[in-house]
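Some notes on the structure that comes next.
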Amino acid sequence: MTDRLRATSSSGIGCKGKERVAAIAGHICPIAGGPGDREGDRGGGGGGGEVSRFDEVSLLAAMASEEVHCAPISAWAKLAQAPEDPILGVTVAYNRDPNPVKLNLGVGAYRTDEGKPYVLHVVRRAEAALVGDRSRNKEYLPIVGLAAFNKLSRALAFGADHPAVLSNRIATVQCLSGTGSLRVGAEFMAQHYHTPVIYVPVPTWGNHNKVFPKAGLKLLTYRYYDPATRGLNFAGMIDDLQAAPDGAVILLHACAHNPTGVDPLPEQWDAIRQVIRAKRQLPFFDSAYQGFASGDLDVDAYSLRSFAADGGEMALAQSFAKNMGLYGERVGALSMVCATPEAARLVEGQLKLVIRPMYSSPPLHGAAIVATVLGDEKLFQEWKVELKGMADRIIDMREKLYQALVARGTPGNWTHILKQIGMFTFTGLNKTQVDFMREKYHVYMTGDGRISMAGLSTSTVPRLANAIDDAVRNVA
Amino acid sequence: MVLSFLNCTSSQTRHRPLTHSSLSSIHSTGRPLISSAACILQPEDKEQKGGGDIAVRTVFFFLPLPTMASAQAMPISVWEKLTEAPEDAILGVTVAYNKDPNPVKLNLGVGAYRTDEGKPLVLEVVRQAEARLVADRSRYKEYLPIVGLAAFNKLSKELAFGADHPAVVANRITTVQGLSGTGSLRVGAEFMGQHYHTPIIYVPVPTWGNHNKIFPKAGLKVQSYRYYDPATRGLNFTGMMEDLKAAPDGAIILLHVCAHNPTGVDPLPEQWDAIRQLIRAKGQFPFFDSAYQGFASGDLDADAYALRSFAADGGELALAQSYAKNMGLYGERVGALSMVCATAAAAKLVEGQLKLVIRPMYSSPPLHGAAIVATVLSEEKLLHDWKAELKGMADRIIEMRHKLYDALLQRGTPGDWTHILKQIGMFTFTGLTKPQVDFMREKYHVYMTGDGRISMAGLSTATVPHLVNAIDDAVRNIA
């Protein structure tokens, strides 16, 4: 058999055929995954491509033709079908829906009252100025990103006069929006922090549960949302933080908790801070909605700033996706508040070692827009007005939805719609009701019953109210 | 004060609550109260657990009671034991260059194109595309899909492989937008680290420094194969073939598509064919890094020969593609990862899994740079103008090679400098030693990476003489 193969290999089969024959003679199929799965269960191709797989008859028949083809076997043939992302998948499903009155309340992207995406005026102006300036170039940013952007982001989050800012104790690096900042910070911690365990609230943004394990942190939880009151389970939260190990990392939503919209009161924040400091835990803040919660940037930063003022250390992942409407430009910053400027300097150096092998340096455009807006007094003031406008429209939608449900006499207490803070309402609808509303009314939301108020408009409130009313009355 | 301090550090902590007034006193002094400082800042250092605690307690017990004004404990950071991170070997060159106050300094470090006036260049087609995009008020800044801008992915795939390539036509290639070359390498490698049966990658010696950082982070074991021959300043083809043969079946093999970085030494087409046959015979998985398509010969298709021949033989491969250099989009971080699979079904499965790598890394890629690329590649006139600008850049680099070579020849600088002409792409691997490199930096303020690699793109007609002086002096007087 082998002699015949070798003989055939020197005849005119063609380059491709010769390779195949040579490979088969060498008992390795060139396309198959290789010498067998690593642990017997990796997505590799069909094992070692043993010649026994190809019976002699078909082999010779194949070689007789101009081109020899192995049945193509992919190294990836055994990959599992990846599940659609639970949040982004909502928009995927929405886009596929042909129904003309469909309503997307899935992802937290702001819409105008006409239901349109919104690019802020200050962003358009900043962008036009940047692009029109031919003295600007597109050189690589430093690994840590645009310096002006970092400085201004830090000042926005903490306040330009904050003691931690003034004492140079904060290392700030530009990252890819909130997700990127969380991942870089978490990867740094997994490598360098003495207790690589992070506690997240229940519930939390779905992607937290993916980011942290990937980064190498062990993921645990603390009680947060109380379905009975649709408010904060403060006692449970404090108990769980107390029970958590000293030194653990604690994830905190700076404001406008996602998905519940339930935030601690200032007094509660103070108590939370005292427990965390007493247990020397490391707070990791996720700030994606500064300015969206109350409409006031400083008020929304209360928790963040009080932690940063007590001398203790903390991390902050800051996003400009929502409050500057820069979603797709991926603009954010990771700030590490350290006990000393020297520690901050060491941290910055190590953060660069996380970033460089991930994407080398961050993207320029969005950061330049933010730096332009924050660095210009007029643009900054106008931004605050636009931001307040967005926050106010969301609050208006809360009012309208609440009134609509009250007017219909929809069973249940709907005051949480008014009380919850930020972009989302955690409706309390169950999965069955959610599915019902999608199927019958083409209303799309995440499976946990979270709706994006930013996706509602005056004209679509009635439809949503009808859908909720029907679901609550008729679907368990 | 001491009593409350001791309460604070005991494990059964009954902390003294911080009232609002104590918060404001923090604000006014900018310093933490000493008792709370001790509470907050005592590091839970496993190694030092007992000793550390005791040491601090002892120290404070004997100190006089601090007043508010001097209430500044030596703040202890959980990060204080971090090691000083070394500066990046490549980017650190520019950092050092920027710090240098000398007016005649020359930066030949990082591979970013410069005009003959020594200025960065934003391509005209990029300016045009960008202006148009930004002026279009019907455009939004919504999140891209996890896999990025669809038009960009399609056009990038076609640019790399050719729109009519059988693998493209057969839908066997899944392409996702990545953060330039680095991001595409990382996503691809992380996917393989998780799903490929032989998570070992072989890289050429030498290779781009960052490869050796990306792959371990992604979970791949890094090994190497011989590549550069210092004796000939060319390809050690025999050594390469031997090492690929000796490498395990099924291992991943990193290949530079063209304009090898840092050496500028590329296999000839016949050599590529032999390399390909060997890799296919051993069922190894080629991972191509393409950062210079169009820069090597000035022709996009000619530069893609290796890539396209591998993609045409029915086998699988991965490609990390960058627009940093050939479209001058460096800081916008534009690139793509393409996975050429045996079947369209496999390509679909791969795409789904790639999304699971990207989502927890940065959710979705940045819009701006990809939109620029998609605009340029999709319009006949812009595409045509781009190719002309690209060729212009490649030609200027080739011209610098000739000028440098001629000048060294004229100077009578010892040694054979023909490799300056033979090497391909943005860089020249000069063969200068580390002491010579350091000497040139110190005396002549000429900056290059420690391996003697110079970026020809950073040279200009005006600066060639200065470089020649430096090289000549170094070669004659430094070992």
Side-chain angles (χ1 to χ4, degrees), chain A residues 19 23 28 30-31 33-35 37-38 42-44 72 74-77 79 82 85 117 119 127-128 131 137-141 163 176 179-180 183 210-211 214 246-247 274 277-278 280 309 311-312 326-330 338-340 343 346-347 349-350 353 356-360 363-365, chain B residues 13 15 17-18 26 30 32 37 39-41 44 75 77-80 82 85 88 120 122 130-131 134 140-144 179 182-183 186 195 197-198 213-214 217 249-250 277 280-281 283 315-316 329-333 341-343 346 349-350 352-353 356 359-363 366-368:
Chain A
E19 293 160 45
I28 304 284
I31 301 178
D37 300 339
R38 189 155 72 110
R42 306 281 280 181
S74 173
W76 316 117
L79 278 184
D85 183 271
V119 178
E127 198 175 45
V131 163
N137 58 51
K138 292 196 176 296
E139 294 299 287
Y140 289 119
L141 285 176
L176 284 121
T179 306
R183 174 65 178 262
K210 309 221 170 84
V211 171
K214 278 277 181 175
D246 286 355
Q274 283 161 35
R277 293 315 193 191
R280 304 180 297 268
L326 288 170
Y327 309 95
E329 301 292 4
R330 319 308 293 124
C338 306
T340 62
L346 288 174
V347 167
Q350 290 291 339
L353 299 189
R356 174 63 158 155
M358 200 185 278
Y359 50 84
S360 278
L364 169 58
H365 192 65
Chain B
T13 290
H15 56 277
L18 286 172
I26 289 172
C39 270
I40 297 157
L41 304 167
E44 181 89 332
S77 171
V78 295
W79 311 119
E80 64 171 7
L82 283 180
D88 183 87
V122 178
E130 196 175 47
V134 163
Y140 301 115
K141 294 198 176 293
E142 294 299 285
Y143 289 120
L144 284 175
L179 288 139
T182 307
R186 174 64 177 261
H195 296 285
H197 50 66
T198 310
K213 309 226 168 84
I214 295 167
K217 281 275 180 175
D249 291 346
Q277 281 163 35
R280 292 313 191 192
E316 303 190 299
L329 288 170
Y330 309 95
E332 301 293 0
R333 318 309 293 127
C341 307
T343 62
L349 289 176
V350 168
Q353 290 291 340
L356 297 190
R359 175 61 160 155
M361 199 184 282
Y362 51 83
S363 276
L367 169 57
H368 190 66

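For the set B:C341, B:G331, B:G352, B:P120, the entry with the most heavy-atom pairs within less than 4.5 Å of chain A is B:G331. Among A:V347, A:V119, A:T179, A:L364, the residue making the largest number of heavy-atom pairs under 4.5 Å with chain B is A:T179. Ranked by heavy-atom pairs under 4.5 Å with chain B, the first of A:P117, A:A82, A:A343 is A:P117. Heavy-atom pairs under 4.5 Å with chain B peak, among A:M358, A:H365, A:R183, A:K210, at A:H365.
Heavy atoms only, all atoms of each residue included: B:I214 and A:P357 are closest at CG1-O, 3.6 Å. Across all their heavy atoms, A:L79 and B:L349 have their closest contact at O-CD1, 3.6 Å. In terms of heavy atoms, B:K141 sits closest to A:Y327 at O-CB, 3.3 Å. Between A:L176 and B:P366, the shortest heavy-atom contact is CD2-CD, 4.3 Å. A pairwise comparison of heavy atoms in B:W79 and A:L346 identifies O-CD1, 4.1 Å as the closest pair.
Only the side chain of A:D85 comes within less than 4.5 Å of a heavy atom of chain B; its backbone N, CA, C and O stay farther away. At a 4.5 Å heavy-atom cutoff, the contact between B:V122 and chain A is made by side-chain atoms alone.
Evaluation of the side-chain hydrogen bond (donor to acceptor under 3.5 Å, both in side chains) rule for B:K213 yields no partner, not counting sequence neighbours.
Distance CG/B:D88 to CZ/A:R356: 4.0 Å, rounded to 0.5 Å. Here B:L356 contributes atom CG and A:K214 contributes atom NZ; the two are 7.0 Å apart, rounded to the nearest 0.5 Å. Residue A:W76 holds its CH2 atom at 7.5 Å from NE2 of B:H197, rounded to the nearest 0.5 Å.
Between A:R330 and B:Y143 there is a side-chain heavy-atom pair separated by less than 4.5 Å.
A:T340 and B:E80 share no side-chain donor-acceptor pair at under 3.5 Å.
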For B:E130 and A:K138: C-alpha separation, side-chain torsions, deciding distance, then whether side chain to side chain contact (heavy atoms under 4.5 Å, CB included) applies. CA-CA 12 Å; B:E130 196 175 47; A:K138 292 196 176 296; 2.6 Å; yes
